[in-house]
2 protein chains.
Amino acid sequence: MANIQDSAQQLEEAIRNSDEFQNLKQAYETVMADEVAKKMFEDFRNTQIELQEKQMQGQEITEEEIEKARKVVETVQQHDQISKLMEQEQNLNVLINDISKTITKPLEELYGAQEQ
Amino acid sequence: MANIQDSAQQLEEAIRNSDEFQNLKQAYETVMADEVAKKMFEDFRNTQIELQEKQMQGQEITEEEIEKARKVVETVQQHDQISKLMEQEQNLNVLINDISKTITKPLEELYGAQEQ
Ligand SMILES: [Ca+2]
Ligand SMILES: [Ca+2]
């Protein structure tokens, strides 16, 4: 019977060595090495975090803010290296979601079994 | 180099066999086998889900609803088997959070490294 912490570390190593992570790393480092792309990506991230925080705190988001966010998204989508990075982030998210579904299966089964 | 899906399945097996999961399973089944406890626990769960949904949708939560939720929590906390179940859920959450921290370390390192 494998130890949980050993299994988790083995999985971490497998993720680190995966194409998905290695491609993301390369795309991220490419963006970070370019001052203009870096600034553009950070603006995008900050705008997203700001809106998320407002939403979580139940604060109203103004038309102006929505318009600003829309423009920032449009700008980064037109930047080849950033849109490549966002694509790689999406790929890794899919991988992590699959893993998450696998390891929470025991809980799913327990809480699902006696629902009916 | 271990395969991701194999490693995830090994981790799932380790979680399933852990004391934390087995204790939770026992506590859950004990509550579900008792009609009164089962109903009480389900009321508690439904109240929580309802409030969470309202909060996520940015709907206002009334004083009355807060008071009702407070009473439901008080009631389940006084029920030995349910409070035991909630304790076991908390233990498993700690375990899952630790695992989650381990497997997202590559991402943490990547996105943290160039922040400064
Ligand atoms: Ca630079
Ligand atoms: Ca029954």
Side-chain angles (χ1 to χ4, degrees), chain A residues 1-22 24-29 31-33 38 41-42 45 54-61 85 88-89 92-93 95-116, chain B residues 1-22 24-29 31-33 38 41-42 45 54-61 85 88-89 92-93 95-116:
Chain A
M1 194 168 93
N3 170 284
I4 288 184
Q5 211 42 48
D6 288 349
S7 298
Q9 264 155 27
Q10 193 178 17
L11 180 55
E12 187 237 326
E13 195 63 25
I15 293 168
R16 195 184 292 274
N17 291 324
S18 68
D19 287 346
E20 285 88 345
F21 181 71
Q22 291 301 322
L24 170 62
K25 189 167 185 279
Q26 198 153 18
Y28 183 76
E29 284 167 355
V31 168
M32 286 299 123
K38 183 176 187 278
F41 183 64
E42 283 170 354
R45 267 291 144 82
K54 281 207 166 186
Q55 203 165 20
M56 285 198 310
Q57 288 161 4
Q59 284 179 50
E60 208 198 345
I61 294 163
L85 169 55
Q88 300 301 341
E89 285 182 336
L92 196 78
N93 276 343
L95 185 75
I96 298 280
N97 281 342
D98 283 351
I99 290 170
S100 176
K101 266 183 212 153
T102 298
I103 69 177
T104 56
K105 228 182 265 171
L107 268 176
E108 275 291 306
E109 283 172 20
L110 180 61
Y111 281 79
Q114 279 148 316
E115 286 287 300
Q116 344 175 6
Chain B
M1 193 169 94
N3 170 283
I4 289 184
Q5 211 42 48
D6 288 349
S7 298
Q9 263 155 28
Q10 193 178 16
L11 180 55
E12 187 237 327
E13 196 63 25
I15 293 168
R16 196 185 290 276
N17 291 324
S18 68
D19 286 346
E20 286 87 344
F21 181 71
Q22 290 302 322
L24 169 62
K25 189 167 187 279
Q26 197 152 19
Y28 183 75
E29 285 168 354
V31 167
M32 287 299 124
K38 182 175 187 279
F41 183 65
E42 284 169 353
R45 268 290 145 85
K54 281 207 165 183
Q55 204 164 19
M56 284 198 311
Q57 288 161 3
Q59 284 180 50
E60 208 200 343
I61 295 163
L85 170 55
Q88 300 301 341
E89 285 183 335
L92 196 79
N93 277 343
L95 186 75
I96 299 279
N97 281 342
D98 283 352
I99 291 170
S100 177
K101 268 183 210 150
T102 298
I103 69 176
T104 57
K105 229 182 264 169
L107 269 175
E108 276 290 306
E109 283 172 21
L110 180 62
Y111 281 79
Q114 281 148 315
E115 286 287 300
Q116 0 182 346

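Values below: every heavy atom of this structure, side chains too, minus hydrogens, waters and symmetry copies. Each chain gets a letter, A, B and so on, in the order its sequence line appears, and its residues count up from 1.
Heavy-atom minimum distance, Ile103(B) versus Ala8(A): CG2-O, 3.7 Å. When every heavy atom of Tyr28(A) is checked against every heavy atom of Leu110(B), the shortest pair comes out as CE2-O, 3.5 Å. Taking every heavy atom of both residues into account, Leu85(B) and Tyr111(A) meet most closely at CD1-OH, 4.0 Å. The shortest heavy-atom contact between Thr102(A) and Glu12(B) is O-CG, 3.1 Å. Ser18(A) and Ile4(B) get closest at one heavy-atom pair: CB-CD1, 3.6 Å.
Interface remark: Gln5(A) contributes side-chain atoms only to the contact with chain B (heavy atom separation under 4.5 Å). Contacts of Leu95(A) with chain B are made by side-chain atoms alone, with heavy-atom separations under 4.5 Å and no backbone atom involved. Residue contact with chain B, scored on non-hydrogen atoms closer than 4.5 Å, is absent for Gln22(A).
Contacts with chain A were tallied for Asp98(B), Ile96(B), Leu24(B); Leu24(B) has the most, counting heavy-atom pairs under 4.5 Å.
A distance of 8.5 Å separates CD of Glu89(B) from CG of Leu107(A), quoted to the nearest 0.5 Å. With values rounded to the nearest 0.5 angstrom, Gln57(B) atom CD is found 11.5 Å from Gln55(A) atom CD. Interatomic distance, CG of Asn3(B) versus CD of Gln10(A), reported as 10.0 Å (0.5 Å rounding).
Side-chain contact between Glu109(B) and Arg16(A): present, with at least one pair of heavy atoms (C-beta onward) separated by less than 4.5 Å.
Shown here is Gln59(B), whose CD atom has more than 12 heavy atoms of other residues, nucleotides or ligands within 6.0 Å.
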